[in-house]
Amino acid sequence: MLATISDEQLGDAILQSAEHGSFPQDGDVASATVPSSALPKLLEKVGTAREDAKNEVRKVSREAASDVDGWISQARKLQDDIKRSQDTAKEIVQHAEGGKANTLHVQDAASKVSLLHTEIAYNESLARVVEQLRDISTLLDSAQDAAVRGHVMYAIERLEDVDGALKSLGPFGSTRVVGVLKSKESQMRKAIVETVTDSWNGLLDVDVANNKVSLRESIERGTTIDVNAVVEQLTKLGLLDEFVTRFSRDFDKTILSHRLVIGRDQVVTSFDIHGDDIQLMGPVNDGSVKITLEDIHKIAEYLSTRLPPSIALPLSSKLVPIITSRLITHYLVPAVPTSTDGVQEFQETLSYVLGLVEYLDELGWTGQNRLTEWVDESAEIWLAKQKENAIARVQKLFPKQVKIKKTVEKVETQVISKGDALHPVQEEQDNDWGAEWGDEDEPTKEDTSIAAQDVEEEDMSAWGMDEDEPGEASKPESKTEEKKPADDENAEDWGNEWGDDEDTKSAPSPQAHMKPPQRKTNGQSAQQAPAEQHVTLRETYTVTAIPDSIIEIILQVVADLETLNSRDLVRSAISPASGGLFAIPSLLLAMYRATASVHYSADIAGNMLVYNDCERLSDRLRTFIQEQAEKDRASNLPQLLRPSVRLTPKIEADLKTMDGFSRRAYGREMESQRQIIKDHLEDAQGFQGCTNVPFATVCDDAIATTIDRIGDVKRQWQNIVSHRVLVQSLGSLVSTAFAKFINDVMDMSDIAEDESRKLHSYCMSLATLNQHFQTQDESGETRDTASLYVQNWFRLQYLGEILAGSLADIKYLWNESELKLEMGAEEVVGLIEALFAPSDLRRRAIAEIRRTTLSRHQLSTLVNDLLHRETNRIPFDILINGQFLRTSVDEFLTKNGINAETTLDVEYTRALVPPLNVTSFEHDDWVSAVDVLSHASPAGTWVGGNVQGGQERILSASYDGLVRVWNTSGDVLATSEAPNNGGRITSLKTAKWLSDKKIVAAGLDNTVRVYKYDDDARTITTSLELFNHRWAVEDVAVHGPSNRILSASSDSTISLFSSNAKENPAAPSTLLPNSTAASNKRQKLSKPDRTVPARGALATFNGHAAPVSSVIFKPDDATVAYSASHDHTLKTWDFPTQSCVDTRTTGHALLSLCAIPSRNLLATGTSARHITLVDPRVSATQISVMTLRGHKNGIVSLDTDPNSEYNLVSGSHDGTCQIWDLRNVTTGSQIGEGMTGESVYTINRQGVSGPAKSHGEGVKVFSVRWDKEVGIVSAGEDKKVQINRTLDL
């Protein structure tokens, strides 16, 4: 209930508000309403207050009245003072105006006075100038009078005085009078110059018309004029250099050029000196260098004795360079001998040149240093001329010599064993030779990859089977090593053996193609003791005259070298250049290779001629080196100057290059011919419908033209290449034809009876090509050697038998004959299915053929059948006696020497499916590290496995200094801020998940950082900085349950930290970013936020002698750690004692490390491109348990398969990740390496195909992780995080 407020209270409140602006303090009053009945009372209250205010004002006015009157009086007095001041100011202004007029009068008067002073000074200056002009005029008159009297020097001196006086006239120098005097002075100087010039011309008289020059000491011109006086006069006039230059030009034109320059007519003119005169005479009878040098000596003597030094010396600086240049160009260079016959004479010439230089030095002349330099460089000049001469000679010889053909014979003695193709044994043994040639229709994966690498058109079909194979059946004993041709049409893959030493494991050597395999009988190798015998092989082939001409030049070079180092010439000036002659053979061979394509292009078999010439050249060079080595044994030359010592390494390198060059030439020719043959057979379009008219004619023509083409090639080559090369080259071409025909037939899904007969006839037609391989043995009996040279000869024969045979015939060929050696089971099955209609008999025949060749795939199918997996079938790998089965069971037994009746231990395991590229995430810079957070990852298990499926997170660290978190869809969820560290490099090298909310990263700024990750807010913030390293941090390891962090650094130390800041000690002040003056300045500019705690290490572990590359916790004991270092060691550390308890030393720098707990092993990636598995237990007796080879560069990251205890993934700088199965191993071939293994699969970077390159430029892999949920995650130089995953089966 509201309180009642009186009208009195309301009135007081209103008055207080009006007078003081105050609000009522009483809440009841403030909230009270004003009723209309209270208004009279309120008005009364206000009126009373108004009257009181008026009375108060009146009272105050009465009390202050006297003061107001005083104020008014003072104001009036002040107004009077202001008026007086204004009047005074006006008076002052009037006085000031009057002063201005006076000032103007004064200034005007002062100007007039100044003008008068200026006029006076000008008049005085004018008087002085007039006096000076009078003196100048007097000097000019005096000079003119002296000149007229013949006192030229006095006149010149007076002119110099005049010139100085004119310059001192200052502003009057531009007056007309002065101009007249200057003109007079110029005319007088001109007259004096003319007088002096006349005297000069009289003293140094050049008669161009008569080719005569006269030099006099004095002449008569009214008075005697001396040459020294004229020189002094010209010096005063500043014209001496100009006159000397003009005289040198005239003297050269009149005398020198005629004597030194050899014109087109090869004639130079002699001169004669008589008294003061020198004049050209008739032609020089002897144009030798010696006579020329003597004439130059005479000219120098003539000039030096008849001219004063003041002229002779400056004249020499102009004439001597001209003389030197012409002497070198026209006489000395042509005098350089092109053979050793002229070395003695050339040595005398150099002595004469040095004598001339010495004489010119005595005269004090200049410019002859170039002659001295030329003599000093004469050895190099001679050597350069020898090289030029050799090149010019071969350039001239090659076009002619290539047209000259001749037949040469090559003799070689070999030791061969029984069973060799050259051994005279029974016919059936010869036919068995090629029984194991690989199936050309089904190239293996390795063969396909090799073919893709073949970047050069090279062929091996004419190169030696036993080259570089000591210990094989055939061993050459002749003085020249003969190359044997290969039989494989695709043998140009020899190029894969060149280049990187560690190519893919599948790259075959040339010998793998060439070596005849041993026959097998019932799955067992035929073990026969070889019966050796010596065989002399003779073969002839056609070459051009080029190889012999090159050898002749090389022999001449060696002869020259020996001559230069003989007793007579060893001290000659060009003897030091003899060592440079050793480069000429390589130069000639390089010229040959560079120009061969031009010289041989006109010949239809040009490439084969190149091949033969290279063979001839190689043989002769090898013979030359051997003979020279024998000769040098008795030589007295120093070891370094013996031709065999210096030339052997060069020629051996050139021989390798020459071999490659000839291979490429041969390969180009073979590839061209193969392509022609393929094109002929391509016209048949796979022989489908070969019985249909008119296509039957096309097929017939294709076979006929192919046969004719091979015959044409034989006719082109048979008179050029040796018989051996011919038959093996033809064998390669025939193999190509057979392979194309066989493949086309194999690809036919249905073959009718008439087509079968037609195809059989084609086989018979192609078999007629054996006519090119008919030879006669010692008894004169004709032998068919087609099976020796045509790789797939038996394959074609069997194909013909299959096309013409019945099912019973095919089964017999498979079981009782050797069909299985030429064709695979599936190939035969395919032919049966194409030839015969479905039936019980066909089905039984196919089943019987397949049963005899169980392969991994078939065994895998069998296992699935036994497990009753009809729909969801799983690929299995099969292990027999602990080894992976990669071939058929029959081949496995044969390879391992196991009897077919032996009991085998067979295991099956789920096969590792090749991982597919799922996605990749782009970055702005190189990605140095990756890690995965998932339900099964280490960090995920540490937090209880609460990472839900589909919520996996991928962590990446980059060289831009940032860590990022991604989801598996490739979206960036969070990115860290760039660390503020005083301007240091911030690139990161490593990063790990510590938990689902913490990240640890480190890099090149020496700092380990702990980040807080908020998945909801999508933020990454730095929560802790850890300092203990002086150099970059290479790797970190984390253990979530103990909050421990290990860091490995380039400063060779390991540090132990806690992710809990309170557990770590204070950070060393010297390691903080602002610990130096330079960084402190940067800190001020960057305003660091030191709210992030900085801490030190719990412990520091020293012991490594080089950068520590990787560190890990022991999987089952976080108080133990392992570290790998560039010092080749693997160390075990115990945290409680803070000591190293074990050290394992390997043979190479270690770059990465991971643990394989199930095997008690540590895998270490090395700089030697392999992975070494080490047993760290003290009881281990062997350091290297296993070695995994396959990478081509250092291995910088490793991780294990979360689904298998046998699998491992590695990342390398060769740009690949490779997957390894520890069961896929064999016994190592090197001592101490344990078992050796090869990778199962190779993962290339996205967009990169083909074999890895050793340099891995642009795609180096820096980090790899294998997660059960996400897959294989890798990162590298291509700025991508790449995910590969196997398909779920």
Flag side-chain contact, heavy atom, 4.5 Å: W814 against V828:
yes
Y592 and P547, any side-chain heavy atoms less than 4.5 Å apart
no
Any side-chain donor paired with an acceptor under 3.5 Å for R674 and S732?
yes
Check the pair Y600 / I546 against side-chain contact (heavy atoms from CB on, under 4.5 Å), numbers first and verdict last.
CA-CA 11 Å; Y600 291 89; I546 288 180; 3.7 Å; yes
Residue of the set V402, I720, V543 for which side chain to side chain contact (heavy atoms under 4.5 Å, CB included) holds with L609
I720
How about H680 and R709: do any of their side-chain heavy atoms sit closer than 4.5 Å?
yes
Minimum heavy-atom separation for Q771 and Q774, please, with both atom names.
O-CG, 3.5 Å
What do you reckon, is CD of E753 surrounded by more than 12 foreign heavy atoms closer than 6.0 Å?
no
For Y762 against A696, the heavy-atom pair lying closest together
OH-O, 3.9 Å
Shortest non-hydrogen contact between L759 and V745, atoms and distance
CD2-CG2, 4.2 Å
Verify the distance criterion only: is there a donor paired with an acceptor across the side chains of T1216 and N1244 at less than 3.5 Å?
no
With distance as the sole criterion, is a donor-acceptor pair present between the side chains of D654 and T657 under 3.5 Å?
no
So does A752 get a backbone contact from the side chain of S756, meaning a donor-acceptor N/O pair under 3.5 Å?
no
Could you tell me whether the side chain of R842 reaches within less than 4.5 Å of the side chain of E833, counting heavy atoms only?
yes
For F836, the option from L831, L807, I846 that meets side chain to side chain contact (heavy atoms under 4.5 Å, CB included)
L807
Evaluate the side-chain proximity of M658 to R593: yes if any heavy-atom separation is below 4.5 Å, no if none is.
yes
Parallel, tilted or perpendicular: which one describes the rings of F687 and F741, with boundaries at 30° and 60°?
perpendicular
Worked verdict on D809 versus S806 for side chain to side chain donor-acceptor pair (under 3.5 Å):
CA-CA 5 Å; D809 295 333; S806 63; 3.2 Å; yes
Does the side chain of Q716 come under 3.5 Å of the side chain of D712 through a donor N or O and an acceptor N or O?
no
Within-4.5 Å side-chain heavy-atom neighbours: V790 and L796:
no
Closest approach of W793 and A767, non-hydrogen atoms and distance?
CH2-O, 3.2 Å
Decide yes or no on side-chain contact (heavy atoms from CB on, under 4.5 Å) for F794 and L821, but give the supporting numbers first.
CA-CA 9 Å; F794 292 118; L821 298 178; over 6 Å; no
Contact summary for A605 and W717, nearest pair of heavy atoms:
CB-CD1, 4.1 Å
dist N719:CG -> K405:NZ (nearest 0.5 Å) comes out at 12.0 Å
What's the separation between atom CG in L733 and atom CD1 in I710, rounded to the nearest 0.5 Å?
6.5 Å
Before accepting this row, confirm whether a basic side-chain N of the pair R620/D613 lies closer than 4.0 Å to the acidic partner's carboxylate O.
no
Checking side-chain contact (heavy atoms from CB on, under 4.5 Å) for the pair N792/V734: CA distance, chi angles, key distance, verdict?
CA-CA 9 Å; N792 43 18; V734 173; 5.9 Å; no
What do the steps show when you test N612 against T544 for side-chain contact (heavy atoms from CB on, under 4.5 Å), and what is the final call?
CA-CA 9 Å; N612 286 350; T544 69; over 6 Å; no
Atom CD1 in I707, atom OG1 in T768: separation rounded to 0.5 Å?
4.0 Å
Main-chain N/O of R668 paired to S672 side chain as donor or acceptor, under 3.5 Å
no
Within a strict 4.5 Å, meaning less than it, do heavy atoms of the L769 and F738 side chains meet?
yes
If we ignore angles and hydrogens, is there a donor and acceptor under 3.5 Å between the side chains of Y789 and S735?
no
Taking every non-hydrogen atom, the tightest pair across S817 and Y798
OG-OH, 3.0 Å
Salt bridge (Lys or Arg N to Asp or Glu O under 4.0 Å) test vs R795 passes for just one of E801, E818, E827, E822, namely E827
Spacing of CD1 belonging to I802 relative to CG belonging to L835, to within rounding of 0.5 Å:
8.0 Å
Quick one: NZ on K678 to CD on Q675, what's the gap to the nearest 0.5 Å?
6.0 Å
Salt bridge or not between E755 and K758? Use side-chain N to carboxylate O under 4.0 Å.
no
With the threshold set at 4.0 Å, does a side-chain nitrogen-carboxylate oxygen contact exist between E682 and K740?
yes
Say you draw a straight line from CG of D701 to OG1 of T706; how long is it, rounded to the nearest 0.5 Å?
10.0 Å
Report yes if the side chains of T785 and V727 come closer than 4.5 Å at any heavy-atom pair, otherwise no.
no
